[in-house]
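Side chains included, hydrogens not; waters and symmetry mates left out as well; all remaining heavy atoms used. So that the names make sense, note that chain A is the first sequence line, chain B the second, and so on, each numbered from 1.
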There are 4 protein chains.
Amino acid sequence: MTEAKARYNRQIVDKRGAILDAACRLFAERGFHGTTVPEVADRAGVGAGTVYRYFESKEALVNALYQEWKTEFGRALMGKLDPQASPRRQFHDFWQHMAEFATKHPEAVSFLELHHHAPYLDEKSRECEEKVRGPIVSFIEDMQRRDIIKPIPPDMVMAIVYGAFVGIAKAAQGGYLQWSAETLETAENCAWEAIRM
Amino acid sequence: MTEAKARYNRQIVDKRGAILDAACRLFAERGFHGTTVPEVADRAGVGAGTVYRYFESKEALVNALYQEWKTEFGRALMGKLDPQASPRRQFHDFWQHMAEFATKHPEAVSFLELHHHAPYLDEKSRECEEKVRGPIVSFIEDMQRRDIIKPIPPDMVMAIVYGAFVGIAKAAQGGYLQWSAETLETAENCAWEAIRM
Amino acid sequence: MTEAKARYNRQIVDKRGAILDAACRLFAERGFHGTTVPEVADRAGVGAGTVYRYFESKEALVNALYQEWKTEFGRALMGKLDPQASPRRQFHDFWQHMAEFATKHPEAVSFLELHHHAPYLDEKSRECEEKVRGPIVSFIEDMQRRDIIKPIPPDMVMAIVYGAFVGIAKAAQGGYLQWSAETLETAENCAWEAIRM
Amino acid sequence: MTEAKARYNRQIVDKRGAILDAACRLFAERGFHGTTVPEVADRAGVGAGTVYRYFESKEALVNALYQEWKTEFGRALMGKLDPQASPRRQFHDFWQHMAEFATKHPEAVSFLELHHHAPYLDEKSRECEEKVRGPIVSFIEDMQRRDIIKPIPPDMVMAIVYGAFVGIAKAAQGGYLQWSAETLETAENCAWEAIRM
DNA sequence: CATGAATGAGTTTTCATTCAT
DNA sequence: TATGAATGAAAACTCATTCAT
């Protein structure tokens, strides 16, 4: 019975997850409006109606997805930086975290990039955005105070580093570059030289 | 008759142009599937049926739009580089060209970025992509032969420089950065340091 | 065991009753098609599946409800008339019974009125209708034989008296009239004058 | 060309009318929630999408329908009363107007009756209701001032007379009574006796 | 050529009903 | 027996496309 209940619960738990997973992949591939709810349900292996037991609407679904992945991404980036390490090492770790995240969840990176500032994102999603941006800006400002990073607007640092990273990811996805440790290391050096003093 | 035909053609050109213009703005704002043909027609100031006189279908419209702007963008970037100028100067001009293009046609940049590799783009659009990429790659390779740019895959150079540029553009659009000559110059320096030897 | 069965039955009865109660209110408020089975279950305080233990389908539920209330209504009207009383007194009692019933079960009156001759009512519901109508027609015919009520089709007498009554009930529900003993007495007089010789 | 344009326009005009007509019949038969938009479109002889060119939503459709018929009904009742005629004659005319209206538009009467105070009716529909009620109340009050009608709340007079009328109409629809001039005259007399001094 | 009303295929969403627990 | 999560058929509504004018 315990086993049976466990299976039951696992099923329950999995359903929401399966829907989010399927939605992430499809939204990343075809965009929000280019994806139908039955397609999401199909790929998640559930009935179309089931999607609506877990999410009020298709919009609620993208928003939940956006918030979950944005938060996860933020955690992945800043959660494990060693404040004792050298600045260059910290930057390396930061870049490494992005790389690991993108390797593990390539659809999530595509999804987040494609839905950045989309008009159907709600207040909560935008707040979530801010919550991720905040610590990164602080981190940059700290490095700037220590004359390690160029004295330019922190948002420009972010735009350049993350922009370059996304550029690499897209080129790899398009087959123009290999998505390999070597590629990422080379790109990391370029990014570092872009912003360091 | 010549005069009449000229007037006639001008009208034709204007309508087609108005439709492309409206479509660019709307596709950039809401995406391909999020935009309706009547909306495009409305904003272009023509009847919905008229769109179909100039473009076979909504897909044909995005593709025409993509090809026109991609070509235009390629022309803007590479068309006016002075081979006699210093490498740094050439990079400056290149960046300047991107900046001018983005200042003049911000919706076009958003549109191209959002529809990059979209599944509804046809063969011709992809070819167009290649045709723009080719000269840039050659330009980079030339610079690398002369030990001016780091010896890394040319596509990585492109990914980093264009990625950084798009990052700046998006940050400006989101209100995080000013879209000003100063911002662009600062960013240009960073981009240059990222790739220079 | 008898005790256990009694408790068991009481539970059964209560649940069935709770469902009928909830359904009556909701069907009266929003109509048959405007009411969902889960809503009924919710208001009855049972699970949605439970409704289907007691009623084969939503249609079976309305029909059971219609039959129960129609029968109840018929019983209330004719069950307690004193054949010895004066005709006027009998009419008074009849009207009084309607009034008492409507006071005690306003939703039932609304429900019956709204679902009168609805296409989803089955044979049995229609028979039930007849069974209620029969004694009233006889009662009217008897009064007509005694030259107390106008010699018009008994169904017209019913239509006028019950129509007027329902009119009053609706006006009261809409806030145009007070639902009070005085109102009902005044209306009774009017109704009587409408049909008396 | 004039003829052609006229045909074109007639078609246009008819389409809205055909939809309202079909909707009236179906809403009266099966209720608002029991009727589907494609059914309405089908019976109106237009495509399902066309309904939405003329009415924003199904709710907007019922409301438009309600307002049109309520207004029409009000006009039919009060529009042609001769103030010079005797009170009894005026009542006769009033009743006659109801009868004529119900004969000409039986579905409209059923529709109005069934949707009276429905929760999906909007503010404007309720105002419309009031606008029809007002003149009738005044008319009754005037008769009461002249001691022709019983000194009871005007809304009670309305409830009784209209209630009786609706009762007759329903009985006729159910096959219990003939819908004939004779039936209506008999009922008129009853209604008059119900309210006259 | 230009139009925009009309359409039906395709979306999003709801809900009666079932069934594993 | 009671439950409520799951479902898919069906409803409301949208929109790319056509075609009569």
Side-chain angles (χ1 to χ4, degrees), chain A residues 1 4-9 11-12 15-16 33-42 45-61, chain B residues 8 11-12 15 32-42 45-61, chain C residues 8 11-12 15 32-42 45-61, chain D residues 1 4-9 11-12 15-16 33-42 45-61:
Chain A
M1 198 218 81
K5 189 160 183 188
R7 209 179 322 112
Y8 175 70
N9 281 336
Q11 269 194 334
I12 293 283
K15 233 146 227 180
R16 189 173 188 277
H33 292 295
T35 302
T36 71
V37 172
E39 271 168 359
V40 172
D42 247 41
V46 303
T50 303
V51 172
Y52 289 88
R53 288 201 75 67
Y54 291 97
F55 304 96
E56 277 219 331
S57 65
K58 200 187 170 190
E59 283 211 2
L61 172 57
Chain B
Y8 172 72
Q11 256 197 342
I12 292 279
K15 262 174 198 176
F32 175 64
H33 291 294
T35 302
T36 74
V37 173
E39 271 169 356
V40 172
D42 240 43
V46 303
T50 304
V51 172
Y52 288 85
R53 297 221 141 266
Y54 295 96
F55 305 95
E56 275 219 331
S57 66
K58 199 187 173 189
E59 285 211 359
L61 172 56
Chain C
Y8 171 70
Q11 256 197 339
I12 292 280
K15 267 181 191 167
F32 175 64
H33 291 293
T35 302
T36 74
V37 174
E39 270 169 357
V40 172
D42 241 43
V46 304
T50 304
V51 171
Y52 288 85
R53 297 221 142 265
Y54 295 96
F55 305 95
E56 275 219 332
S57 65
K58 199 188 174 188
E59 284 211 0
L61 171 57
Chain D
M1 197 218 82
K5 190 162 183 185
R7 209 179 324 112
Y8 175 70
N9 282 336
Q11 267 193 335
I12 292 285
K15 233 146 227 180
R16 189 174 189 276
H33 292 295
T35 301
T36 72
V37 173
E39 272 168 359
V40 171
D42 246 41
V46 303
T50 303
V51 172
Y52 290 89
R53 288 202 76 67
Y54 292 97
F55 304 96
E56 277 220 331
S57 64
K58 200 187 170 190
E59 282 211 2
L61 172 55

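- DNA chain E forms stems at E:2-21 with F:2-21, each a run of 3 or more consecutive Watson-Crick or G-U wobble pairs whose two key distances fall under 3.5 Å.
- Between the CZ atom of A/Arg16 and the P atom of F/dA5 there is a distance of 15 Å, rounded to whole Å.
- Scanning for salt bridge (Lys or Arg N to Asp or Glu O under 4.0 Å) contacts around D/Glu39 gives D/Arg30, with sequence neighbours left out.
- Under the side chain to side chain contact (heavy atoms under 4.5 Å, CB included) criterion, B/Ala48 pairs with B/Ala41, sequence neighbours left out.
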Exercise for the section: Apply side-chain contact (heavy atoms from CB on, under 4.5 Å) to the pair C/Phe32 and C/Glu59, showing each step before the final yes or no. Expected result: CA-CA 9 Å; C/Phe32 175 64; C/Glu59 284 211 0; 4.0 Å; yes
Problem - Per-nucleotide protein contact string for nucleotides 9-14 of chain F (B base, S sugar-phosphate only, - none; heavy atom under 4.0 Å) - result: --SSBB
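- Separating the CG atom of C/Asp42 from the C1' atom of E/dA16 is a distance of 15 Å, rounded to the nearest angstrom.
- Atom pair A/Lys15:NZ and E/dA20:C1' shows a separation of 11 Å (rounding to whole Å applied).
- Residue-to-nucleotide proximity on DNA chain F shows that, of C/Gly45 and A/Gly47, the 5′-proximal contact is made by C/Gly45.
- To the nearest 0.5 Å, atoms OH (B/Tyr52) and NZ (B/Lys58) are separated by 8.0 Å.
- Comparing C/Arg53 and A/Arg53 against DNA chain F, the residue whose closest nucleotide sits nearer the 5' end is C/Arg53.
- Put simply, OG1 on D/Thr50 and CZ on D/Arg16 are 14.0 Å apart, with the number rounded to the nearest 0.5 Å.
- Atom OH in D/Tyr54 sits about 14 Å away from atom P in E/dG4, given to the nearest Å.
- Note on B/Val46: only backbone sugar-phosphate atoms sit closer than 4.0 angstrom, heavy atoms only; bases stay farther off.
- Whole-Å rounding puts the B/Phe55 CZ to E/dA2 P distance at 13 Å.
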